[in-house]
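Right, one structure below, let's go through it.
The basis for the numbers below is simple: all heavy atoms, side chains too, and nothing from hydrogens, waters or symmetry mates.
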Amino acid sequence: MKIKIFFFNSIFILSLYLFADILFSNFYFKQNVDHKCYEHDVDGKFYKMRKNCFANMRLISSIDPFKVYTDKDGFRYSGKKKPIKDKNIVFLGDSQTFGVGSDWDETFIGILEKKYEDYNFKNLAVPSYSPTVYKYSLEEYLKKNDNVEKVFVLIDITDVADEANRWSTINDLPKLAEEKIIIKEQSFFTKFKKNNFKGLYLISSKLRSFTRKMRSNLKDDRIEYKPVEGNPTGAYLYTNHDKLTGCNSKDKNLFWECGGVKKGISKIINKTLEISQITRRYNSEFYIIIIPWPDTLNYGQTVFNWENFAKDLCNKSNCNGMINLFPKFKEIKKKNNNWLNYIYLKNDIHLTKNGNAIVAQEIEISSF
């Protein structure tokens, strides 16, 4: 008898929960839910962020999941509705600007937004984008919003490889050069579950994050990839380019094509100049941001000086200012034995809350 009562009570509670979840999903939590909030074009050669989406996003195995909300335009934001202001500030970039590994309030854009409430902060960044797509994203944004006071572009060290190998332009549209994203058609049940049981998704994603973190803590740290010891896509700053991309070199790195560094640098210059021209047409201030990676601070810029390159690029594009985080991060490395964990996420190139706060401060000093 007790077993029967327990069984019926369990069914009743489960049914009540599922009914409550349907109400929650359709009348309260109206964002779409997904693992990454990516949206792919039909041909699989381009991707962007889905509109009105929420995800506990986990792109890299070494770092914890982080909350991502996207707005009606597919831009990452705080998830909170705010009054629309007259002045807009646009940020262009890849995963570093997107804020991989950090909740919104701990990203440098989120930190600035909290302090400067008179602006609409628009984060157009998406992981693994590069200047070819930065330009396209800005043009698409300006079709609907022509009042932009400031445009910031974070030229990332990985942009060289992405411009050389990843992105091309076909009929004025950015396309993935070689890879193709296979789009899996979701079943009716999967769509129904995502639309009507969002509470269940939120709970399960939290449990999944917890178990992954527990497994990660048990891993042998000695066998994990450590960017501070060298990064294939950033090695051109301190490694002979012929060794990395030489056409006849037996030691050529698999991450690079023949002549890839030269090609990537050339495309960055051209696309940045085009972005600058666009900002001038709209009377917007234009700023370039650069941030070092852990291996850059460890090995230096003995072959290609990224700071000098960015300074020259700023001059060529008539930018309003170059926001250079290299001196600040070098100073922290010199004075703080724990600099790596202070600035960067574990075994990664992306920034901690401290690193993001430093970037926000430098942007504030240079442009506000």
Side-chain angles (χ1 to χ4, degrees), residues 46 90-98 123-141 151-170 172-179 231-242 244-245 253 255-280 284-293 295-296 301-326 349-350 359 363:
F46 185 71
V90 169
F91 285 84
L92 306 171
D94 62 357
S95 58
Q96 200 72 276
T97 309
F98 183 80
N123 186 348
L124 277 58
V126 177
S128 293
Y129 274 10
S130 61
T132 289
V133 203
Y134 303 165
K135 180 205 168 192
Y136 171 78
S137 300
L138 180 61
E139 288 175 325
E140 290 297 297
Y141 176 80
V151 174
F152 296 88
V153 57
L154 197 162
I155 307 293
D156 194 30
I157 291 170
T158 194
D159 284 347
V160 176
D162 285 339
E163 283 296 318
N165 308 325
R166 186 174 176 83
W167 292 103
S168 62
T169 303
I170 302 174
D172 296 325
L173 296 175
K175 297 285 184 180
L176 291 164
E178 293 182 358
E179 61 186 292
N231 189 306
T233 51
Y236 63 91
L237 298 181
Y238 50 84
T239 307
N240 184 281
H241 294 173
D242 285 337
L244 286 174
T245 71
N253 193 287
F255 287 87
W256 292 95
E257 294 180 351
C258 173
V261 174
K262 185 177 180 180
K263 177 183 177 183
I265 291 292
S266 176
K267 286 180 67 180
I268 287 175
I269 293 171
N270 292 335
K271 293 301 176 183
T272 304
L273 293 177
E274 290 174 9
I275 292 170
S276 174
Q277 290 169 1
I278 293 169
T279 61
R280 283 201 294 275
S284 306
E285 296 176 17
F286 176 55
Y287 297 88
I288 292 174
I289 307 170
I290 59 169
I291 298 174
W293 285 359
D295 59 323
T296 316
Q301 306 164 79
T302 55
V303 174
F304 187 88
N305 191 294
W306 192 247
E307 293 176 90
N308 290 341
F309 166 70
K311 183 179 179 180
D312 185 56
L313 185 59
C314 183
N315 290 333
K316 287 178 178 176
S317 62
N318 294 314
C319 80
N320 292 83
M322 187 186 83
I323 301 166
N324 181 4
L325 274 297
F326 278 65
I349 62 171
H350 298 97
V359 176
I363 292 174

Look at the side chain of [X] and the backbone N and O of [Y], then say whether any donor-acceptor pair between them is shorter than 3.5 Å.
X      : Y      : answer
Gln301 : Glu307 : yes
Lys263 : Glu257 : no
Trp167 : Pro131 : no
Glu285 : Gly321 : no

Are [X] and [Y] packed together at the side-chain level, in the sense that at least one heavy-atom pair is separated by less than 4.5 angstrom?
X      : Y      : value
Asp94  : Tyr134 : yes
Phe309 : Ile269 : yes
Leu273 : Ser317 : yes
Phe46  : Ile170 : no
Thr239 : Val303 : no
Asn231 : Ile349 : yes
Phe286 : Thr272 : yes

| message | What verdict does the side chain to side chain contact (heavy atoms under 4.5 Å, CB included) test give for Trp293 and Thr158, after you've listed the backbone C-alpha separation in whole Å, the side-chain angles of each residue and the deciding distance to 0.1 Å? | response | CA-CA 10 Å; Trp293 285 359; Thr158 194; 3.5 Å; yes

| said: By the definition side chain to side chain contact (heavy atoms under 4.5 Å, CB included), identify the one residue from Asn270, Ile275, Val153 that meets it with Lys135. | reply: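 The single option meeting the side chain to side chain contact (heavy atoms under 4.5 Å, CB included) with Lys135 is Ile275.
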
| request: Report the relative orientation of the aromatic rings in Phe152 and Phe91; use parallel for angles under 30°, tilted for 30 to 60°, perpendicular for over 60°. | output: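 If you compare the ring of Phe152 with that of Phe91, the planes turn out parallel.
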
| request: Would you please classify the geometry between the His241 ring and the Phe304 ring as parallel, tilted or perpendicular, with 30° and 60° separating the classes? | output: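 The arrangement is tilted - the two ring planes meet at 30° to 60°.
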
| task | Could you check Asn305 against Phe326 for side chain to side chain contact (heavy atoms under 4.5 Å, CB included), going step by step and ending with a plain yes or no? | result | CA-CA 11 Å; Asn305 191 294; Phe326 278 65; over 6 Å; no

| field | Derivation and outcome, side chain to side chain contact (heavy atoms under 4.5 Å, CB included), residues Thr97 and Leu92 | value | CA-CA 7 Å; Thr97 309; Leu92 306 171; over 6 Å; no

| field | From CA spacing to verdict: side chain to side chain contact (heavy atoms under 4.5 Å, CB included), Trp306, Ile155 | value | CA-CA 10 Å; Trp306 192 247; Ile155 307 293; 3.7 Å; yes

| field | Atom CG of Asp172 with >12 non-hydrogen neighbours under 6.0 angstrom | value |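 For Asp172, atom CG is not crowded (no more than 12 foreign heavy atoms under 6.0 Å).
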
| side-chain hydrogen bond (donor to acceptor under 3.5 Å, both in side chains) with Ser130: which of Glu163, Arg166, Lys271? |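 It is Glu163; the other options fail the test.
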
| Can you list every salt bridge (charged side-chain N to carboxylate O under 4.0 Å, His left out) pair that touches residues 317-326, not counting sequence neighbours? |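 Output for this query is empty, none listed.
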
